[in-house]
Each structure stands twice: as structure tokens, then as C-alpha cells.
Amino acid sequence: MKPSSPLRKWLLLGGIFITLPIIYIVLGKGESKFTTLPIIGPREAQLNGDTLYHTVPAFSFTGIDGKPVTEKTLAGKILIVDFFFSRCGTICPRMSAHMRELLHMQLKTDDGYGDIVFLSHTVDPEYDTPEVLAAYAKEYSADTARWKFVTGDKTAIYTQGADGYFLAAREDVLAEGGFLHSENFVLLDKQRRIRGIYDGTNPAKMKELVVDAKMLLGEERRREREAGQ
């Protein structure tokens with residue numbers, strides 16, 4: 001084999017030193033150009049070769065201003081979703097603190113910040129009226145244009161948790177506070193498909209959520225650009 005010339009070696013090393021920082025910057029921003037998040041949940045193959053994925057069902061709950069919050073009012077948004085209740089003395093304060101951090105710090109640095117909305121459902125709707133949720137939102141300095149707290153029909157909320165997000169959300173006399181709900185946050189794309197599930201009490205998982213949400217923003221931008229062509 002013919003030995004490499006000094007010039008060739010220097011060109012090779014130069015290429016490596018130029019390429020590695022670019023890869024680091026792209027991955028550091030959490031917006032890979034080559035990776036998309038998995039689509040989670042049941043799927044069904046169609047006769048035409050397409051795949052039909054699980055989507056979160058349509059919903060209609062009540063916001064802190066007493067007005068409906070529905071899938072239509074949140075159309076075109078990436079959602080980060082959880083279930084909680086205001087009198088919860090166990091995991092909810094930690095979950096809400098993480099939600100606030102995601103909203104005000106972690107995800108505010110991305111250009112697509114306005115495309116992400118946070119949606120928190122109470123599992124204690126008989127106590128958590130719109131007024132109670134408004135006070136809770138104030139306690140967490142929530143930007144309520146971007147962080148929606150919703151209440152409504154108890155059965156509808158529990159069904160949405162179980163069948164829509166695959167999360168526990170129900171009354172349970174054995175649970176502290178009388179309610180059982182998941183600690184997980186769910187990441188939804190703009191088609192209401194589940195793209196990630198993260199432990200909302202775990203700071204390391206919140207970092208994963210930030211990276212994945214930014215990756216999803218990039219995916220949605222590419223999809224919208226392609227649809228516009």
C-alpha cells in the first residue's frame with residue numbers, strides 16, 4: 001500500500017477537526033437532522049400500505065377562565081401533558097416545578113418555543129374548580145397562555161388519561177390524597193400522536209424531554225416545509 005503523503009494526512013486531520021464540532025453543535029441543540037422520535041402506541045397496517053397510529057381522542061375540558069379547552073383550541077401545537085391535583089402533597093409539587101422549569105427556562109431558548117403548550121389535567125375536578133386552578137397557576141408563576149390547567153367531567157378526564165395517554169388517573173381510596181395518577185409527562189406531536197413518555201419527577205428525564213421536544217420541533221418544521229412545497 002502506498003504511504004499517505006504529509007499533505008493528505010493534514011487534510012484528513014483538518015476534516016476531522018472541522019466535522020466533529022459541527023456534529024457536537026447539532027446534537028447539542030437536540031435537533032438531529034437524521035433522527036426522529038418513535039411513535040408510541042397501537043398501530044394498524046392499512047390496505048394501501050400506510051400505517052394508522054394511535055392518536056389521543058378529541059376532548060373538551062374547562063380552563064381556568066371557565067372557557068373550553070379542546071383539541072381544536074390547541075390545534076397546531078406540540079403538547080406536553082400531565083395529570084395532577086392541587087391538594088396533592090406527594091409528587092405533584094415536584095412535577096409542577098419541573099413543568100414550570102421546562103416552560104420558563106429549558107424550552108424558551110428554542111425558536112419554536114411558541115409551538116409548545118403544556119396541558120395539566122386535574123384528577124380531582126370536584127375540588128379543583130377553575131378558580132382553584134387559577135390560584136394554583138399563580139402559585140407556580142405559570143404563563144397561562146402556554147400552560148393550560150383544565151378541569152371538567154371526572155369520568156371524561158379519567159378516560160382520557162387511560163385510553164388517550166395510557167396513564168393512570170383515577171380515584172383510589174388507598175392512595176394518599178384519595179387519587180392515583182401517573183408521574184409521567186407525555187409528549188404529543190401536532191397530529192396528537194404520542195412521541196415520548198418521561199418521569200416528571202426525575203430531573204434527568206426532564207433533560208431528555210427537552211432534547212426530544214426540540215427534535216420534534218425540527219421534525220414538525222421539516223414536515224410543514226415539505227407540505228408547503
Side-chain angles (χ1 to χ4, degrees), residues 30-32 34-61 68-85 91-92 95 98-99 102 107 112 115-123 125 148-172 175 179-202 204-224 226-227:
E31 191 174 323
S32 170
F34 310 103
T35 306
T36 58
L37 297 174
I39 299 174
I40 298 172
R43 61 194 63 193
E44 182 179 337
Q46 303 295 291
L47 292 177
N48 62 2
D50 293 339
T51 302
L52 184 65
Y53 293 98
H54 169 78
T55 58
V56 170
F59 57 88
S60 181
F61 298 119
V69 176
T70 73
E71 81 286 353
K72 294 179 181 175
T73 62
L74 300 177
K77 301 296 184 184
I78 290 170
L79 299 182
I80 296 175
V81 177
D82 75 340
F83 289 78
F84 82 109
F85 61 108
I91 60 175
C92 301
M95 293 170 62
H98 284 158
M99 199 68 102
L102 291 171
L107 288 171
D115 277 354
I116 299 177
V117 169
F118 300 77
L119 181 62
S120 292
H121 306 70
T122 178
V123 294
K148 306 292 185 184
F149 295 85
V150 293
T151 184
D153 178 78
K154 181 170 60 179
T155 301
I157 292 172
Y158 297 169
T159 300
Q160 187 76 342
D163 296 345
Y165 300 102
F166 310 122
L167 298 181
R170 62 178 184 269
E171 290 176 298
D172 188 333
F179 297 93
L180 179 67
H181 65 90
S182 173
E183 73 279 18
N184 287 334
F185 292 175
V186 178
L187 177 65
L188 288 191
D189 64 20
K190 294 184 179 182
Q191 294 78 52
R192 303 205 312 273
R193 301 176 302 186
I194 297 174
R195 307 302 296 273
I197 300 175
Y198 311 85
D199 183 343
T201 66
N202 185 332
K205 294 299 178 183
M206 293 301 92
K207 292 180 180 178
E208 290 182 17
L209 172 54
V210 169
V211 171
D212 288 355
K214 291 180 177 180
M215 188 184 300
L216 184 56
L217 278 170
E219 178 187 325
E220 293 286 7
R221 290 181 193 133
R222 291 193 296 276
R223 185 181 61 81
E224 290 166 358
E226 291 168 1

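These numbers come from the heavy atoms of this one structure, side chains and all, not from hydrogens, waters or symmetry mates. Please read all numbers here as calculations on a predicted model, not as lab measurements.
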Practice problem: With rounding to the nearest 0.5 Å, note down the distance linking CE in M99 to CZ in F84. | Solution: 9.0 Å
Quiz item: Quick check: does any side chain N or O of R193 sit under 3.5 Å from a backbone N or O of I39, one acting as donor and the other as acceptor?
Solution: no
Quiz prompt | Interatomic distance, Y158 atom OH to F83 atom CZ [nearest 0.5 angstrom] | solution = 10.5 Å
Practice problem: Find the distance between OG1 (T122) and NZ (K154) and round it off to the nearest 0.5 Å. | Solution: 11.5 Å
Quiz prompt | Nearest atoms (heavy-atom pairs only) where V123 meets A169 | solution = CG1-CB, 3.8 Å
Self-check item: Donor-acceptor pair, side chain of H121 and main chain of F149, under 3.5 angstrom
Solution: no
Quiz prompt | Euclidean distance, L167 CG relative to I194 CD1, rounded to 0.5 Å | solution = 7.5 Å
Exercise. Apply the salt bridge (Lys or Arg N to Asp or Glu O under 4.0 Å) test between K190 and each candidate in E220, E224, E219; give the one that qualifies.
Key: E224
Quiz item: Going from CG on N184 to CE on M95, what distance comes out if it is rounded to the nearest 0.5 angstrom?
Solution: 8.0 Å
Quiz prompt | Intermediate values then yes/no, side chain to side chain contact (heavy atoms under 4.5 Å, CB included), V117 and K148 | solution = CA-CA 7 Å; V117 169; K148 306 292 185 184; 4.0 Å; yes
Quiz prompt | Worked verdict on Q191 versus R223 for side chain to side chain contact (heavy atoms under 4.5 Å, CB included) | solution = CA-CA 12 Å; Q191 294 78 52; R223 185 181 61 81; 2.7 Å; yes
Quiz prompt | Close side-chain approach of L102 and I116, heavy atoms under 4.5 Å | solution = no
Self-check item: Pairs where residues 181-200 contributes a residue and the test ring pair (Phe, Tyr, Trp, His ring centres under 6.0 Å) is met, not counting sequence neighbours
Solution: F85-H181
Quiz prompt | Backbone of Y165 reached by a side-chain donor or acceptor of H54 within 3.5 Å | solution = no
Exercise. Taking the side chain as every heavy atom from C-beta outward, state whether R222 and T36 have any atom pair closer than 4.5 Å.
Key: yes
Practice problem: Return the minimal non-hydrogen interatomic distance between D82 and S120, and the atom names on each side. | Solution: OD1-OG, 2.6 Å
Exercise. Go through the steps to decide whether K77 and L188 satisfy the test side chain to side chain contact (heavy atoms under 4.5 Å, CB included), and finish with yes or no.
Key: CA-CA 9 Å; K77 301 296 184 184; L188 288 191; over 6 Å; no
Practice problem: Taking side-chain contact (heavy atoms from CB on, under 4.5 Å) as the test, write out the residues that go with E71, two or more places apart. | Solution: A58, F59, R192
Quiz item: Distance-only, no hydrogens or angles: does the T159 side chain make a donor-acceptor pair with backbone N or O of T155 under 3.5 Å?
Solution: yes
Quiz item: Between M206 and D199, which heavy-atom pair has the shortest distance, and what is it?
Solution: CE-O, 3.2 Å
Self-check item: Atom pair CG (L79) and CG (L119), whose distance is rounded to the nearest 0.5 Å
Solution: 6.0 Å
Practice problem: Determine, stepwise, if the pair Q46 / T51 fulfils side chain to side chain contact (heavy atoms under 4.5 Å, CB included). | Solution: CA-CA 6 Å; Q46 303 295 291; T51 302; over 6 Å; no
Self-check item: Residue pair T70 / S60: nearest heavy atoms and the distance that separates them
Solution: CG2-OG, 3.7 Å
Quiz item: Can E208 and K205 be counted as an ion pair, charged N to O under 4.0 angstrom?
Solution: yes
